S.K.: 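I have a structure here, written as structure tokens, and I will follow up with some questions on it.
What you see is a predicted model; the values in this text were computed from it and never measured. All residue numbers in this chain count up from 1 along the given sequence.
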Amino acid sequence: MTSKTYKKTKFSFDETIANSKFNFAKNLKWFIIPSITIFFVGLILACTLRFNFGIDFTGGSIMTVYANDEELITDAQSFNIDDNAEFTQMQNQIEKVLEEFDIKGASYQKTTIDIAELGVYHGQAIVVKYQNSYDDADKIASINSSIQARISEEFNFSADQNAVLNGGIITPSASTEMVVNAFLAIFVTIILISIYIGLRFGLTSAFLAGLCLFHDILITSSLVAMLRFTVNFAFIASLVVVMIYSTCNLIIILSRLKEYQRSGRFDGETNENIANTTIKETLTTLILSAVIGLICMLLLGIIGVSDIRAFAFPIVIGVLSSFYSTIFLAPGLWSIAFKHKNKKQPAESEKLQEKAS
């Protein structure tokens with residue numbers, strides 16, 4: 001009586017998935033098409049329009065503006081940038097100054113500032129990053145000095161108060177080195193993750209993990225190119241988070257497959273059936289983890305400032321890509337990779353039975 005009541009009240013999503021006739025492994029050829037399409041569209045856009053690189057990768061200038069929240073500078077404007085409305089107001093005033101010098105598309109980030117002569121320690125400030133309109137270093141330095149003076153005037157800071165700090169210039173050559181190092185770090189991370197997967201689950205699983213991770217990175221990068229998101233160090237950090245998330249999903253699948261191989265539960269079954277059953281039995285867990293991750297990142301992107309959005313939204317894309325590769329690509333790839341190995345096992349067992357008889 002108790003078991004019947006439990007069955008009536010139990011959520012039947014797992015049972016519905018288990019009883020479905022859909023074969024995740026068998027339909028691999030159809031699942032590859034969307035990934036290939038997105039990749040080639042992103043590749044075309046990256047080659048024609050290029051990525052929307054931020055100042056971290058293109059070079060530019062940095063300016064730090066004191067918010068004067070402590071009101072230590074009399075007669076100057078004061079902002080509490082922890083309040084989004086005041087942060088936006090201060091940002092708009094800086095943008096107005098930059099537009100006078102024909103500079104658009106600057107990024108803004110909250111930070112702290114020390115001005116010893118004013119007694120300011122860890123005071124609120126905004127870091128302003130913008131691309132230079134000229135290539136000549138002397139001209140850039142001259143314009144930056146004018147911008148510094150104009151921002152000081154906008155907020156009623158005197159010239160001797162050092163409330164607006166000129167952070168200098170990031171050269172394009174240094175930016176190119178940063179791009180190479182960033183993507184080299186991602187490549188090395190994929191290799192290290194594949195080595196870990198290989199030590200734990202075997203060489204074929206390591207190859208599978210490497211393919212899925214490359215898929216997630218390429219799809220995320222392609223969609224970022226298509227949606228024209230800014231590519232900066234926050235984007236690189238988001239790719240690392242995506243790789244970690246993808247690795248966790250793969251470990252869930254590979255652990256279940258390894259468990260089935262050891263238990264002998266699927267002896268004599270085809271690799272398609274093993275992979276298909278594995279996905280169906282872990283699908284609820286993967287869906288819940290993806291939903292939770294998406295909710296957290298979407299809230300972070302909606303509530304956060306521009307730099308936070310540059311970090312959160314690529315992760316949203318990466319979570320969806322990882323979910324897709326784990327559910328729709330990994331089973332088919334695994335069944336293909338292990339087909340030859342698993343076919344040998346029944347033949348060897350039949351030989352042993354013949355010798356025993």
Side-chain angles (χ1 to χ4, degrees), residues 7 10-36 190 193-217 219 242-294 318-349:
K7 286 183 179 179
K10 185 180 179 182
F11 182 55
S12 60
F13 186 64
D14 289 337
E15 185 179 349
T16 302
I17 294 174
N19 294 332
S20 68
K21 295 182 179 180
F22 187 80
N23 194 316
F24 291 90
K26 187 177 181 180
N27 293 286
L28 174 65
K29 59 183 179 181
W30 302 111
F31 297 144
I32 291 178
I33 294 175
S35 297
I36 293 176
I190 293 176
I193 291 174
S194 299
I195 291 173
Y196 165 74
I197 295 292
L199 292 174
R200 184 170 176 183
F201 301 105
L203 291 177
T204 309
S205 296
F207 179 71
L208 170 63
L211 284 178
C212 289
L213 289 173
F214 270 116
H215 168 274
D216 298 339
I217 296 300
I219 294 301
V242 169
M243 286 191 292
I244 294 172
Y245 178 83
S246 300
T247 303
C248 292
N249 283 346
L250 288 169
I251 287 175
I252 291 173
I253 298 299
L254 294 173
S255 295
R256 186 63 63 92
L257 288 170
K258 187 175 182 180
E259 177 187 336
Y260 288 164
Q261 287 176 309
R262 286 181 174 180
S263 66
R265 173 183 168 186
F266 289 95
D267 287 350
E269 291 282 347
T270 63
N271 287 333
E272 280 188 3
N273 289 339
I274 298 173
N276 198 46
T277 303
T278 300
I279 292 299
K280 288 181 178 180
E281 292 186 358
T282 56
L283 186 56
T284 302
T285 301
L286 296 173
I287 290 175
L288 289 175
S289 66
V291 169
I292 292 172
L294 288 173
V319 167
L320 293 173
S321 176
S322 173
F323 179 80
Y324 186 85
S325 65
T326 304
I327 300 300
F328 299 106
L329 301 182
L333 293 172
W334 183 89
S335 64
I336 292 172
F338 280 80
K339 182 177 290 186
H340 183 67
K341 181 179 178 181
N342 284 359
K343 276 187 174 181
K344 289 182 179 180
Q345 294 176 351
E348 291 176 357
S349 61

S.K.: Work out which heavy atom in Ser321 is nearest to a heavy atom in Ile219; give both atom names and the distance.
M.R.: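 That would be OG-CB, 3.6 Å.
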S.K.: Would a 4.5 Å heavy-atom cut-off, applied to side chains only, mark Leu28 and Ile336 as touching?
M.R.: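 Side chain of Leu28 against side chain of Ile336, heavy atoms only: contact under 4.5 Å found.
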S.K.: Between atom OG of Ser325 and atom CG of Leu213, what is the distance when rounded to the nearest 0.5 Å?
M.R.: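 If I round to the nearest 0.5 Å, the distance is 8.0 Å.
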S.K.: Taking all non-hydrogen atoms of both residues into account, name the closest pair between Ser322 and Asn249 and its distance.
M.R.: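 It is OG-ND2, 3.1 Å.
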S.K.: When rounded to the nearest 0.5 angstrom, what is the spacing between CD1 in Ile252 and CD1 in Ile279?
M.R.: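 With rounding to 0.5 Å, CD1 (Ile252) is 10.0 Å from CD1 (Ile279).
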S.K.: Is the shortest side-chain heavy-atom distance between Pro331 and Thr278 below 4.5 Å?
M.R.: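 Sidechains of Thr278 and Pro331: no contact.
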S.K.: Taking atom CD1 of Ile217 and atom SG of Cys212, what is their separation to the nearest 0.5 Å?
M.R.: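 Taking CD1 in Ile217 and SG in Cys212, the distance rounds to 12.0 Å.
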S.K.: Which atom names give the shortest non-hydrogen contact between Leu250 and Ala209, and what distance separates them?
M.R.: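 That closest heavy-atom pairing would be CD1-CA, 3.8 Å.
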S.K.: Evaluate the side-chain proximity of Asn27 to Phe22: yes if any heavy-atom separation is below 4.5 Å, no if none is.
M.R.: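 With C-beta onward as the side chain, the pair touches.
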S.K.: Provide the closest heavy-atom pair for Leu257 versus Ala275 in the form atom of the first, atom of the second, distance.
M.R.: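 Heavy atoms only, the tightest pair is CD2-CA, 4.3 Å.
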S.K.: Are Tyr245 and Asp216 packed together at the side-chain level, in the sense that at least one heavy-atom pair is separated by less than 4.5 angstrom?
M.R.: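 The answer is no; the side chains never approach within 4.5 Å.
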S.K.: Quick one: CZ on Phe207 to CH2 on Trp334, what's the gap to the nearest 0.5 Å?
M.R.: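 Taking CZ in Phe207 and CH2 in Trp334, the distance rounds to 15.5 Å.
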S.K.: Closer than 3.5 angstrom, by distance alone: can the side chain of Thr277 be matched with the main-chain N or O of Ile274 as a donor-acceptor pair?
M.R.: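 No, Thr277 side chain to Ile274 backbone: no donor-acceptor pair under 3.5 Å.
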S.K.: Got more than 12 heavy atoms from elsewhere within 6.0 Å of CZ, Phe31?
M.R.: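 Yes, enclosed.
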S.K.: Do Met243 and Ile190 have side-chain heavy atoms sitting under 4.5 Å apart?
M.R.: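 Side chain of Met243 against side chain of Ile190, heavy atoms only: contact under 4.5 Å found.
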S.K.: Give, for atom OG1 of Thr247 and atom CD1 of Ile193, the distance between the pair rounded to the nearest 0.5 Å.
M.R.: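 Separation between the atoms: 3.5 Å.
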S.K.: Checking side-chain contact (heavy atoms from CB on, under 4.5 Å) between Arg200 and each of Ile251, Ile195, Leu254, which is the one that passes?
M.R.: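 Option passing the side-chain contact (heavy atoms from CB on, under 4.5 Å) with Arg200: Ile251.
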S.K.: Is any side-chain heavy atom of Ile253 closer than 4.5 Å to one of Leu286?
M.R.: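 A side-chain contact exists here, since the closest heavy-atom pair is under 4.5 Å.
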S.K.: Go through the steps to decide whether Lys26 and Asn276 satisfy the test side-chain contact (heavy atoms from CB on, under 4.5 Å), and finish with yes or no.
M.R.: CA-CA 8 Å; Lys26 187 177 181 180; Asn276 198 46; over 6 Å; no
S.K.: Please examine the side chains of Phe328 and Trp30, heavy atoms only from C-beta on, and report whether any two atoms are closer than 4.5 Å.
M.R.: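 Not touching, per the 4.5 Å side-chain cut-off.
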S.K.: Kindly write out the residues that satisfy side-chain hydrogen bond (donor to acceptor under 3.5 Å, both in side chains) with Ser35, not counting sequence neighbours, or none if the list is empty.
M.R.: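 With sequence neighbours excluded, Ser35 shows a side-chain hydrogen bond (donor to acceptor under 3.5 Å, both in side chains) to His215, given in chain and number order.
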S.K.: Where the side chain of Tyr324 meets the backbone of Leu329, is there a donor-acceptor pair that is under 3.5 Å apart?
M.R.: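 Here the side-chain-to-backbone pair does not exist.
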